[in-house]
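Numbering of residues begins at 1 and proceeds along the displayed sequence.
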Amino acid sequence: MEISAEPIRVQSLAQAGLNKVPPQYIQPPQHRPNRPSSSTNIPLINLFGLDPTRRDSVRASIGQACRDWGAFHVTNHGIPASIVDAIKRAGLTFFNDSSVEDKLKYACDPSSSASEGYGSRMLEKDDTVLDWRDYFDHHTLPLRRRNPTRWPHFPADYRQVVSEYSDRIASLARELLGLASESLGLETRRLEEVVGEFWQNITISYYPPCPQPELTLGLQAHSDFGAITLLVQDEVGGLEVLKDGEWVPVKPLGGDAIVVLLADQTEIMTNGKYRSAQHRALTNSNQARLSVATFHDPAKTVKVSPASELTSASTPPLYREVVYGDYVSSWYTKGPEGKRNIDALLLEP
């Protein structure tokens, strides 16, 4: 477990040629992956380059996906596929072509949750079952948090790629929150105004091959705690979304396709009309997998509650107001376990 100055990295365990995973990575039976048989995929929405003449139909599609899934793919969103490929390539180069010594120069502080850098463990509890993944977390927005010297300098364009991707993906997140707002009959910037200035993190996750994928998870089931997450994954696949009690694989689409995951603060702001997406990542025994998740969150001091326009005497607030920083602290202290953190905010009927 990552509690010392020389933390164990999952990639190192995989490269050691283990036949069995260490016990701290074995999920309890009720959380182990059951291979899904569903051929369903999350909705795919063409944004048509954000063409204003198509806005009505795109808005309707986004509203439907937010109600039914809390997760969907978007394409033709204005971010070139070359930039999407570049961020994946930069991450793969860091994990596959850098020495352990070079990686550890950027190691996270193991005594602090959610610290920037190269790590494997995010939760504070020592008894938590560990995920079969390594990651690099970048603090990218607001700009005053962005310090590229804390990021790898290999490949040579790594820092430039992350900075450009950060700016592009933040613009897309604002557009999507605007469309979600409009789909609820709210002003375009209503949800974004509640969130305020984006606190954006980009996490590149690397899931090495696992000798016992039936016992492990690359990322345990959870919903994200911020406002909206935009994710790209490689061709290997492994992301799943919970829909009607069934885990549905999110099939990689390639190209410029980006997965949109609504997060808990959006569920609160919309008074439950739009639900955050519970998701997880599987492992496999043959191929490493890489994904890039970009989180767009409020500042820690922001208070989040259901939008007044969406509540009335007949539709009262479902959630109590929460200070976002308190919500994050609870998440990291207790652990995710599905959606228990947001469920704890439910008001009595």
Side-chain angles (χ1 to χ4, degrees), residues 2 7 9-15 79-108 114-122 131-141 145-170 172-173 200-210 218-219 224 229-239 250 252-261 279-284 286-296:
E2 190 173 349
R9 304 302 182 194
V10 176
Q11 188 175 13
S12 297
L13 292 175
Q15 291 171 343
I79 302 176
S82 60
I83 293 177
V84 175
D85 289 339
I87 189 78
K88 291 188 287 185
R89 184 181 68 250
L92 275 176
T93 300
F94 172 76
F95 281 104
N96 286 337
D97 299 337
S98 305
S99 68
V100 173
E101 291 75 19
D102 282 339
K103 291 191 185 86
L104 288 175
K105 292 175 183 176
Y106 300 98
C108 293
S115 62
E116 185 172 31
Y118 168 59
S120 295
R121 179 193 177 115
M122 298 191 81
D131 295 326
W132 190 262
R133 73 157 185 159
D134 295 331
Y135 63 84
F136 200 109
D137 186 53
H138 314 72
H139 294 178
T140 43
L141 291 175
R145 298 174 69 227
R146 185 186 295 183
N147 182 359
T149 64
R150 296 176 179 169
W151 310 341
H153 62 279
F154 36 85
D157 64 348
Y158 188 107
R159 296 169 180 177
Q160 176 186 344
V161 166
V162 172
S163 294
E164 181 176 5
Y165 186 79
S166 163
D167 296 338
R168 294 271 198 152
I169 206 80
L172 177 57
Q200 182 199 69
N201 282 26
I202 296 177
T203 301
I204 300 178
S205 294
Y206 184 84
Y207 305 90
C210 178
L219 200 58
D224 293 337
T229 302
L230 304 184
L231 179 144
V232 296
Q233 58 177 337
D234 63 14
E235 72 283 352
V236 175
L239 176 66
V250 179
L253 299 182
D256 71 343
I258 292 176
V259 179
V260 180
L261 299 168
H279 54 285
R280 68 182 185 181
L282 305 187
T283 62
N284 73 79
N286 301 315
Q287 291 179 283
R289 173 178 177 260
L290 182 125
S291 68
V292 183
T294 308
F295 306 95
H296 300 90

Practice task
Please report the C-alpha distance between Tyr106 and His153 in whole Å, then the side-chain angles of each, then the deciding distance to 0.1 Å, and finally whether the side chain to side chain contact (heavy atoms under 4.5 Å, CB included) criterion is met.
Solution key: CA-CA 10 Å; Tyr106 300 98; His153 62 279; 2.7 Å; yes
Rounded at 0.5 Å granularity, tell me how far [atom1] in [X] sits from [atom2] in [Y].
X      : Y      : atom1 : atom2 : result
Ile79  : Ile87  : CD1   : CD1   : 10.5 Å
Thr140 : Asn201 : OG1   : CG    : 6.0 Å
Thr294 : Ile258 : OG1   : CD1   : 8.0 Å
Tyr207 : Leu282 : OH    : CG    : 10.0 Å
Ser291 : Leu219 : OG    : CG    : 8.0 Å
Asp234 : Gln287 : CG    : CD    : 8.0 Å

Completion exercise
Sequence neighbours excluded, the answer for ring-ring contact (aromatic ring centres under 6.0 Å, His included) partners of His138 is Phe136, Trp151, Tyr158
Do you know which two heavy atoms are closest between [X] and [Y], and how far apart they sit?
X      : Y      : answer
Asp137 : Ser115 : OD2-O, 4.2 Å
Gly218 : Arg133 : O-CG, 3.5 Å
Leu141 : Arg145 : O-NH1, 2.6 Å
Arg289 : Ala281 : NH1-CB, 3.9 Å
Arg159 : Pro148 : NE-O, 2.9 Å
Ser12  : Val100 : OG-CG2, 4.2 Å

What side-chain donor-acceptor pairs closer than 3.5 Å can you find for residues 89-98, not counting sequence neighbours?
residue, atom, partner, partner atom, Å
Thr93, OG1, Arg89, O, 2.9
Asn96, OD1, Tyr206, OH, 2.8
Ser98, OG, Phe94, O, 3.0

Are [X] and [Y] close enough that some pair of their side-chain heavy atoms sits under 4.5 Å apart?
X      : Y      : result
Asn147 : His139 : no
Tyr165 : Val292 : yes
Ile169 : Gln200 : yes
Arg9   : Leu104 : yes
Tyr135 : Cys108 : yes

Exercise for the section: Without swapping roles, check the side chain of Trp132 against the backbone of Pro208 for a donor-acceptor pair under 3.5 Å. Expected result: yes
Exercise for the section: State whether the side chain of Thr203 and the backbone N or O of Ala293 hold a donor-acceptor pair below 3.5 Å, judged by distance alone. Expected result: no
Problem - Over 12 foreign heavy atoms within 6.0 Å of CD, Gln15 - result: yes
Handout entry: Val259 and Leu261: CA distance, side-chain angles, deciding distance, side chain to side chain contact (heavy atoms under 4.5 Å, CB included) verdict
Key = CA-CA 6 Å; Val259 179; Leu261 299 168; 4.1 Å; yes
Handout entry: Partners meeting side chain to side chain donor-acceptor pair (under 3.5 Å) with Asp134 (sequence neighbours left out)
Key = Ser120
